[in-house]
Trainee: 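Quick one: the structure is below, and I'll ask about it shortly.
Treat the numbers as computed from the prediction; the structure is a model and nothing was measured. Positions are given from 1, in the same order as the sequence printed here.
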Amino acid sequence: ELKLLDFLGDKKFNKINVLSFSRLYDFISRKLNIPPISEFSEIKQIVAINSAIEELRPNLKIYKNMILNEDTVNVVLSTFKEMSLNKIDNKVLENIKRLSAKDMLTQKISEIQMIIEHYEKIIETKFSNSFSSLDLVEEMINSNKVFDGYEIFIDGFNNFTKQQFSILKHMLNQSKNTYMSSICDN
């Protein structure tokens with residue numbers, strides 16, 4: 001950033017926004033005058049997932065006796081995050097259930113869907129986390145011409161998740177020009 005400041009000068013440099021996927025929601029919410037979402041800390045995630053599982057326990061078979069310790073909750077939250085980043089939603093889970101001949105797998109997927117839905121209801125109106133804010137980012141970029149006329153430079157990424165790639169696709173469709181540097185071996 002300092003090299004850019006020296007090269008461009010103050011006036012032109014102030015027109016540049018250096019963003020990451022984690023800062024994208026803040027940039028878009030300011031541009032569209034949308035209030036910021038409150039931080040969803042790890043402890044709040046743990047409380048929300050514990051609440052969701054406890055409330056659903058009478059309806060669960062496989063996960064009914066799941067012991068809710070820190071390791072178990074972290075595995076569940078990590079699974080939710082991976083599903084979100086890879087755009088594995090209810091539709092994908094339903095297809096997997098439909099294609100599965102194993103009753104145990106179908107039951108597990110059904111219970112995971114119930115837990116996810118209940119967890120999301122708990123956090124929906126109160127909190128956000130980094131992977132759900134990316135869903136909002138994608139929706140806001142797709143619904144609004146947020147990057148219309150922008151020059152976008154993409155640098156410093158080794159790879160993208162499916163969710164990030166989907167966001168980039170919307171940004172690229174709206175931008176005036178896009179420049180991307182790639183990392184290559186030798």
Trainee: Could you go step by step and tell me if Leu134 and Tyr25 meet the side chain to side chain contact (heavy atoms under 4.5 Å, CB included) rule?
Mentor: CA-CA 7 Å; Leu134 287 179; Tyr25 179 85; over 6 Å; no
Trainee: Should Met104 and Ile115 be regarded as members of a common hydrophobic cluster, given that ILVMFWY residues are connected when their side-chain heavy atoms come within less than 4.5 Å of each other, either directly or indirectly?
Mentor: yes
Trainee: Please report, to 0.1 Å, the donor-acceptor pairs under 3.5 Å made by any side chain of residues 89-100, with sequence neighbours excluded.
Mentor:
{"from": "Asp89", "atom 1": "OD1", "to": "Lys91", "atom 2": "N", "distance (Å)": "3.2"}
{"from": "Asp89", "atom 1": "OD1", "to": "Val92", "atom 2": "N", "distance (Å)": "3.1"}
{"from": "Asn90", "atom 1": "OD1", "to": "Gln113", "atom 2": "NE2", "distance (Å)": "2.8"}
{"from": "Asn90", "atom 1": "ND2", "to": "Glu117", "atom 2": "OE2", "distance (Å)": "2.8"}
{"from": "Glu94", "atom 1": "OE2", "to": "Lys97", "atom 2": "NZ", "distance (Å)": "3.2"}
{"from": "Glu94", "atom 1": "OE2", "to": "Gln113", "atom 2": "NE2", "distance (Å)": "3.1"}
{"from": "Asn95", "atom 1": "OD1", "to": "Arg98", "atom 2": "NH2", "distance (Å)": "3.1"}
{"from": "Lys97", "atom 1": "NZ", "to": "Ser110", "atom 2": "OG", "distance (Å)": "3.1"}
{"from": "Lys97", "atom 1": "NZ", "to": "Gln113", "atom 2": "OE1", "distance (Å)": "3.0"}
{"from": "Ser100", "atom 1": "OG", "to": "Lys102", "atom 2": "N", "distance (Å)": "3.1"}
{"from": "Ser100", "atom 1": "OG", "to": "Lys102", "atom 2": "O", "distance (Å)": "3.4"}

Trainee: Check whether the side chains of Gln163 and Asp135 place a donor and an acceptor atom closer than 3.5 Å, and report yes or no.
Mentor: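 Result is yes, a qualifying pair exists.
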Trainee: Are the side chains of Lys64 and Asn59 in touch, meaning some heavy atoms are under 4.5 Å apart?
Mentor: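 No; the side chains remain at least 4.5 Å from each other.
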Trainee: Could you walk me through whether Ile116 and Met83 satisfy the side chain to side chain contact (heavy atoms under 4.5 Å, CB included) test, starting with their C-alpha distance in whole Å, then the side-chain angles of each, then the deciding distance to 0.1 Å, before giving a yes or no?
Mentor: CA-CA 10 Å; Ile116 290 171; Met83 289 172 63; 3.4 Å; yes
Trainee: Below 4.5 Å, heavy atoms only, C-beta onward: do Ile88 and Lys162 meet side chain to side chain?
Mentor: no
Trainee: Can you name the nearest heavy-atom pair linking Glu111 to Tyr63, along with the distance?
Mentor: OE1-N, 2.9 Å
Trainee: With a 4.0 Å cut-off, would you call Glu138 and Lys87 a salt bridge?
Mentor: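 A salt bridge is present here (some side-chain N lies under 4.0 Å from a carboxylate O).
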Trainee: Go through Met180 and Ile152 one step at a time and tell me if the side chain to side chain contact (heavy atoms under 4.5 Å, CB included) criterion holds.
Mentor: CA-CA 8 Å; Met180 180 180 269; Ile152 297 177; over 6 Å; no
Trainee: Looking at CD1 of Ile167 and OG1 of Thr161, how far apart are the two atoms once the value is rounded to the nearest 0.5 Å?
Mentor: 7.5 Å
Trainee: Students often mix this up, so state it plainly: with edges at 30° and 60°, are the rings of Tyr179 and Phe153 parallel, tilted or perpendicular?
Mentor: parallel
Trainee: If you take all heavy atoms of Thr178 and Ser175, which pair is closest and at what distance?
Mentor: OG1-OG, 2.7 Å
Trainee: Heavy-atom count around Phe160 CZ within 6.0 Å, excluding the residue itself: above 12?
Mentor: yes
Trainee: For the residue pair Tyr150 and Phe27, does the interplanar ring angle fall in the parallel (under 30°), tilted (30 to 60°) or perpendicular (over 60°) class?
Mentor: perpendicular
Trainee: Give every donor-acceptor pair under 3.5 Å between a side-chain atom in residues 141-149 and any protein atom, sequence neighbours left out.
Mentor:
{"from": "Ser143", "atom 1": "OG", "to": "Glu139", "atom 2": "O", "distance (Å)": "2.7"}
{"from": "Asn144", "atom 1": "ND2", "to": "Met140", "atom 2": "O", "distance (Å)": "2.9"}

Trainee: Output yes when a side-chain donor or acceptor of Ser84 lies under 3.5 Å from a complementary backbone atom of Lys81, and no otherwise.
Mentor: no
Trainee: Do Tyr119 and Leu56 have side chains that approach each other closer than 4.5 Å (heavy atoms only, starting at C-beta)?
Mentor: no
Trainee: Ignoring hydrogens, what is the shortest heavy-atom contact between Leu19 and Arg23? Give both atom names and the distance.
Mentor: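 Looking at all heavy atoms of both residues, the shortest contact is CD2-O, 4.3 Å.
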Trainee: Quick check for you: to the nearest 0.5 Å, what is the distance between Glu54 atom CD and His118 atom NE2?
Mentor: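 So the CD of Glu54 and the NE2 of His118 are separated by 10.5 Å.
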Trainee: Under a 4.5 Å cut-off applied to non-hydrogen side-chain atoms, are Ile154 and Leu172 in contact?
Mentor: yes
Trainee: How long is the straight-line distance from NZ of Lys121 back to OG of Ser51, given to the nearest 0.5 Å?
Mentor: 14.5 Å
